[in-house]
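Every heavy atom of this structure was used, including side-chain atoms; hydrogens, water molecules and symmetry mates were not. Note on naming: letters A, B, ... go to the chains in the order of the sequence lines (proteins, then strands), and numbering restarts at 1 for each one.
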Amino acid sequence: MSPASLAALVAPVALVAPPMPPANVAPGGVATAAAGAEITINWVTLSPVVIVLGAAIVSTLIEAAAARRRPRPSGPAQPAYLRPLQAGLALVAVAAAGLMALRLALEADKSMGLNGDGAVVIDPVALYLQLAVACCALLALLVVADRTVQGESAFAPQAAAVPGSEYEAKARQRRLSQTDVYPLVLFATGGMMLFPAAGDLITLFVALEVLSLPLYLLSGMARHRRLWSQEASLKYFLLGAFGSAFFLFGAAWVYGATGALRLSGIAAAVQSPTGLDPILVVGVVLMLVGLFFKVGAAPFHSWTPDVYQGAPTPITGFMAACTKIAAFGALLRIVYAVFQALEWDLRPVLWTVAILTMVVGTVIGLVQKDVKRLLAYSAIAHAGFILVGVTSLTAEGLSGSLFYLFTYGIASVGGFGVIALVREVDAEGHMRGEATGLDQWRGLGRRSPVLAGAFAIFLLSFAGIPLTSGFVAKFAVFAAAFGAGAPALAIIGLACSAAAACFYARVIVAMFFEPAPGGEAAVGAAAEVGAAGLAGSALAGSGLGGSGLGGSGLGGSGLGGASPGGLGADRSGVGGSGLGIGVRTLGLTQIAIAVSLAFTLVLGLVPGWFLHFTQELSQLLS
Amino acid sequence: MDSFPWLTVLIAAPSLGALIVWVGGGAVRRHARVIALVWSLAVLAAAVAMACQFDADGGVQFAERVEWIPSFGVSYAVGVGGIGLVLVLLSALLVPVVLLAAWREQSSPARQAHYAALVLVLETFMIAVFAARDVFFFYLVFEAMLIPVYFLIGSFGGGAGGAERVKAAKAAALKFLVYSLAGGLVMLAGVIAVWTEGPGGADGFMIDSLVGADWGSVQAERLIFLAFFVAFAVKAPMFPVHTWLPDAAQAARPGTSVLLVGVLDKVGTFGMVALCLPLFPDASRWAAPVVIVLAVVSIFWGAFLALAQRDILRMIAYTSVSHFGFIVLGVFAFTETAEVGSAFYMVNHGLSTGALFLAAGFLIARRGTQDMTEMGPGLQRTTPLLAGTFLVVGLSAIALPGLSTFVSEFMVLAGTYQRVPAAAVIAALGVIMAALYILIAYQKIFTGPVREDLAGTRDLGGRELWAVGPLIALMLLFGFIPSPATDVLRAPAAETVELVGAGVLAGADEEGDQP
């Protein structure tokens, strides 16, 4: 479809939201002519998205420029400045976008709204969600950028290499790193920031793809367990494409029923009965199915555990937090656009999905033995809890969901950050993949109390224990469901929370109450060396007590602790072929964890101001 | 009234102490026990100083209020009436006792520091929960309390009993957590409903403004009442949701059990008096017949199972189930005497069961087993002081006249008799059962010829006497002069009865079909 015909289709549709002032007086606006219709683009309000996508393009160009000297595994090593440059650019861009979104959100009022003639809607809620995405992405980027003191990142040296091949071994040996990670994350972040602000079906779809495609690639780039990672990538790609297809198909039906692509146009069209309701309902449901895929709601959740487990842990954290925020943002937008007319058709669908999601996530989560999978099922259950807030369709529900998305996202990044730090050590003392088996986490609390304590607080927040942000969030959405006349939904949610608390408790039990696998003596000796060596570099200024997180520098256990970070071969060679747990650090992950922890506790102890903020936003919208 | 924020200080101080003990390195850590003990004694002194200024007829006092989450009408609101005051005092009293009793339990200074820190954190929550005047704040503390208890049972329980006992401790901790969380989430549904169905607004969670609130419909009031009551019944363990307590008490350190049974479980019965009755008077009257039946069943169920136990801690836990039956019976009898009696019973039970757990702990420390049949026989000869202590606290558990428990049990039974005579008569039979389980235990352990290998068993030392002594002294004091306590409790009891009030005695006749 050409832009011209697109504009022509949209032109006759009435806009519900107040139209923008004429192009030439719009503040900071630039008018461009397209096929006779004037399309206003307010670059200021678009700037968060533009900054991130612009940085993504620059970052890609840097990759391309560096590629001239990019090493074949046999050639010269890649330039040393490349990784810091890319990471710095990504961090600065996301931070700038976040600050911009914050500035705009603080100035937000009802009059701001459509952009690009309604293709993008920058309203307070969109800005809030962009801010949330930016915050989570910033923290996730810190985890992405972190690497071991030996210089290994979480990503494959050459993602294109066949796992186990000689080529890969060479790449590994030469300490290459796949710096394309940063532009990919930036593109995904850009898509995520655009998604909840999209004002028409085409923009929605484009944003969906922009956010999804990089994630498919990123999922396949884990340094360790390459095959799992590639399987995750393929699975995510296939099912994600499936979801996108549903979404697109649904969009076509909706367009067919309403003759409108703009959400405002659709909202206006559904007000007047046309006799096309069944088509509209089918279309909306298909679109929702596409989004349910993205948020991992049952019965469209089956990719979640495999992808969460297989993807590199920093990416899992990024995905868990930001995709959820973005996709729920879009979901809110679509549901609010059509719901008034279709309430009776959609309510059963949303209810069923919410209940199924909560129950499936909780029940299957109960039997998981892998920490990443466990958090994946927890993510599914949380999607259900957020849906409870969305389904209530009141200002309270909206503000509760917004609060929930932010707090959950932040805690997720922190939680996966901790997982990224708990790693196996092989007999030579080399850091290997994450130690994600639940039994490998036994005794972590004794050996690394601050790290385990931080993870415990994230888990308590997920479980919704008072004095953490997760509790306030759950209270907000369940209270909204109660208020909206759906106590049944809230009660099922509470029951699921209770059951879910059991599997979080299991991790806490493993960490604190169970002895570490292997002899404790060996651990003690190695841990001391690790802690002493790393404390200085680990945590400067992250506010969490240097010796604490630094103390997470553990040596191996059963097979003799080689202290991490090449701090000297302290191998006692106790023997056995058990697993050790080691930790890598430049300190970035610790900073991300500390910030997440601070947010989780502050929003748990004094949530008033933040709830007030989300409530204001919700009221501005309605 | 003095504007000094007594309660906030009492709530914050123990946590501050915990922080010092936990974070402090080197010297602080080595002397963690001493620091924690002195700190908790200071808290006790402050609590007593506060109590001295309490006016028995002044209603809720030392009130403070700060808005917390305005969007939900939540405030940090504290204040104590008579019942709250005595329970705050009880908590403040038992903490130093427990710290003293657990002096030698942990070997390494780090473990000692952690134990002391957890106990102090728990003290913060205990005082806060009895002082809370905001339903939401009450709920927060009610749930947050689980965390230190969970770690106290799971992490420090099991003792030196080897891997199997440690495993049992973990299982018990999990069972405790699951029961409490399930109960707590039922209550959360109630808390949410209080907000959505009640008056709402800035005072939407303040207990004082919710008294006499309109809950929309009879059905709604009953459902919300049930949500709260279930959580409190789990906490207070009542039949049939008591099964977590014996496991938890068996697995935990006796010191932890003192706090668990002596104070924490009181939160359940306190919640019934402080929240269920005033906020949902009609529903309370509606539920009373069933609750009274359950209370009577608890009295007997607990007593029968106590008779059958070999593990001394399990036995004490079951006796508590029986005693909680009495407390709940008094609460739901809706007469002034019974209300005063059950509130007083809460305090006495804390003293008496606390002392019993301590005595059991001393026994276990000496004999290295929790099995009563292996502890004795004949310890009376070698450890007369311990035997005497056990006998006195045991007799207090069966409400011997002269000890404070007699006063409260008598008041509960007399008060209940005024309204539900049948229940009172049946419950009185439970007292006989109590005599059985305590005296049989005493007989097994202390009487008879001394087993040879027990000849050298150490008697109570000074530290142990200091721990258990104050509790016995208080029981004797209140046994002979109960009026200081009962005077404080009378006004709130009268108020509660008036709230639940009218029509109770009139309705008693048709509701008189008790077991």
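Heavy-atom distances place the side chain of Leu460(A), and not its backbone, under 4.5 Å from chain B. Proximity to chain A is limited to the side chain of Ile147(B), based on heavy atoms less than 4.5 angstrom apart. Looking at Leu140(B), both its backbone and its side chain come within 4.5 Å of chain A, counting heavy atoms on both sides. With a 4.5 Å cut-off on non-hydrogen atoms, Ala481(A) does not touch chain B at all. Both the backbone and the side chain of Ala479(A) have a heavy atom closer than 4.5 Å to some heavy atom of chain B. Contacts of Phe72(B) with chain A are made by side-chain atoms alone, with heavy-atom separations under 4.5 Å and no backbone atom involved. At a 4.5 Å heavy-atom cutoff, the contact between Leu611(A) and chain B is made by backbone and side-chain atoms alike. Contacts between Trp68(B) and chain A at a heavy-atom distance below 4.5 Å involve backbone atoms as well as side-chain atoms. Only the side chain of Leu177(B) has a heavy atom closer than 4.5 Å to any heavy atom of chain A.
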Worked check of side chain to side chain contact (heavy atoms under 4.5 Å, CB included) between Tyr150(B) and Val509(A): CA-CA 10 Å; Tyr150(B) 179 60; Val509(A) 167; 2.7 Å; yes
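For Asp203(B), the salt bridge (charged side-chain N to carboxylate O under 4.0 Å, His left out) test picks out Arg65(B), with sequence neighbours left out.
Between Phe136(B) and Phe471(A), the angle of the ring planes lies from 30° to 60°, which puts this pair in the tilted group.
Nearest heavy-atom pair, Ala498(A) versus Ala182(B), reported as atom, atom and distance to 0.1 Å: CB-CA, 4.4 Å. Heavy-atom minimum distance, Gly608(A) versus Pro70(B): CA-CD, 4.1 Å. Across all their heavy atoms, Val178(B) and Cys502(A) have their closest contact at CG2-SG, 3.7 Å.
Within 6.0 Å of CH2 on Trp351(A) lie more than 12 heavy atoms contributed by other residues, nucleotides or ligands.
Residue Leu181(B) holds its CG atom at 9.5 Å from OG of Ser497(A), rounded to the nearest 0.5 Å.
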